[in-house]
Amino acid sequence: KAGVTQTPRYLIKTRGQQVTLSCSPISGHRSVSWYQQTPGQGLQFLFEYFSETQRNKGNFPGRFSGRQFSNSRSEMNVSTLELGDSALYLCASSFTGTSFPGELFFGEGSRLTVL
Amino acid sequence: GIQVEQSPPDLILQEGANSTLRCNFSDSVNNLQWFHQNPWGQLINLFYIPSGTKQNGRLSATTVATERYSLLYISSSQTTDSGVYFCAVGGWETSGSRLTFGEGTQLTVNP
C-alpha cells in the first residue's frame, strides 16, 4: 500500500511569491491534515480536510489556505510569501470517521525556502 | 488548548543502554501517537496508544490516560535509534484528527 505522497519535496521561492503544495493520502483515507515545522515554533497544525470540507483550522493567517478534492488529494497554498514561511510542511492522512480520530500517517514533507 | 510536555529534551546514550522518554499532557485525550523523525524530516509512526501498553521489538509504550502521561521505552539502544522522538496528542475538544505535538526529545546513541 502506497504511503502519503507529497510534492514537490524541495522548493525555493522569493518573498511575495505564492506556492502550492500537494498531498496524496493513503488509499481509503478521507482525512488530510497539514502541519508546519520550524526550528523556532516546532510542529504546528495548519488545517484538516475531510470529505472536501475544512474540519479544523489552526492559528495561521489567511495567507495559508487549502482544499481537498473528491479523490481526497489535498493542496495547500501560501500566498505573499514571507521569510518566516520557510519551513518543512508535512501532510498526514488518517482513516477517520466523522468525529473519531484515527492514527495519522505522515508524508516525507515539502521543504520550502523563502529568499 | 491541550499542552504537551516531553522530557528530557536531550538524551545521550551509549549503544546498548536503555532509556525512557516521558510525555505529559494537560487534558484527557482521544489520540496519542509516538513518532521518530528521521534525518530527512519524515515522521515515522512508532505507536498509536491513547491508552494501555504496546510493544514492538525493542520499543514499548505505555499510556496512563487517567494520570495524563505516556512513556516510551527503548531497550538495547542502537546508533540507528538516534533522532528526535515526538509525542503528539489529540484532545476531545476538537473533532477529527488534530494533533498537538510536544517539543521532542533529541536522542543521540553513541557507538
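Every chain is numbered from 1 and lettered A, B, ... according to where its sequence line falls, protein lines coming before strand lines. Everything numeric in this text was worked out from a predicted model, so none of it was measured. Only this structure's heavy atoms are used, side chains among them; waters, hydrogens and symmetry mates stay out.
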| Quick check, are the ring centers of A/F60 and A/F47 under 6.0 angstrom apart? |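 No, they do not, as the ring centres are separated by 6.0 Å or more.
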| Below 6.0 angstrom between ring centroids: does that apply to A/F45 and A/Y35? |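 Ring-ring flag for A/F45/A/Y35: true, centres closer than 6.0 Å.
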| task | Any chance you could lay out the side-chain contact (heavy atoms from CB on, under 4.5 Å) test for B/I2 and B/V29, step after step, and finish with the verdict? | result | CA-CA 9 Å; B/I2 198 164; B/V29 299; 3.4 Å; yes
| query | Which pairs count as disulfide (SG to SG under 2.5 Å) when at least one residue sits in residues 3-93 of chain B, sequence neighbours excluded? | reply |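 Found B/C23-B/C87.
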| Interchain contact, B/Q33 with chain A, by part (heavy-atom threshold 4.5 Å) |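 Contact with chain A is through the side chain of B/Q33 alone.
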| said: Is a donor from one side chain sitting under 3.5 angstrom from an acceptor on the other, for A/S51 and A/R30? | reply: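 Their side chains do contain a donor-acceptor pair, which is all the 3.5 Å distance test asks for.
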| query | chain B contacts: which residues in residues 86-93 of chain A have a non-hydrogen atom closer than 4.5 Å to it? | reply |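 At a heavy-atom separation under 4.5 Å, chain B is reached by A/L88, A/L90.
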| What are the residues of residues 108-115 of chain A, in order of number, with any heavy atom under 4.5 angstrom from a heavy atom of chain B? |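 The list, in residue order, reads A/E108, A/R111.
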| field | Matching residue for A/C23 among A/T7, A/T5, A/V4 - test: side-chain contact (heavy atoms from CB on, under 4.5 Å) | value |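 So the option named by the test is A/V4.
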| task | Name the region of A/Q6, side chain, backbone, both or neither, that has any atom closer than 4.5 Å to a heavy atom of chain B. | result |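 For A/Q6, neither part sits under 4.5 Å from chain B.
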| said: Test salt bridge (charged side-chain N to carboxylate O under 4.0 Å, His left out) on A/K13 and A/D85; report intermediate values, then the result. | reply: CA-CA 10 Å; A/K13 295 285 187 179; A/D85 297 332; over 6 Å; no
| query | Got a salt bridge between B/D81 and B/R58, using NZ or NE/NH1/NH2 to carboxylate O under 4.0 Å? | reply |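 Counted as a salt bridge, because a side-chain N and a carboxylate O are separated by less than 4.0 Å.
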| field | Electrostatic pair A/R55:A/E48 at N-O distance under 4.0 angstrom | value |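 Salt bridge flag = yes for A/E48 with A/R55.
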When the side chains of residues 10-19 of chain B are checked against the rest of the protein, which donor-acceptor pairs come out under 3.5 Å, sequence neighbours left out?
unit_1, atom_1, unit_2, atom_2, d
B/Q14, NE2, B/P111, O, 3.3
B/N18, OD1, B/S76, N, 2.8

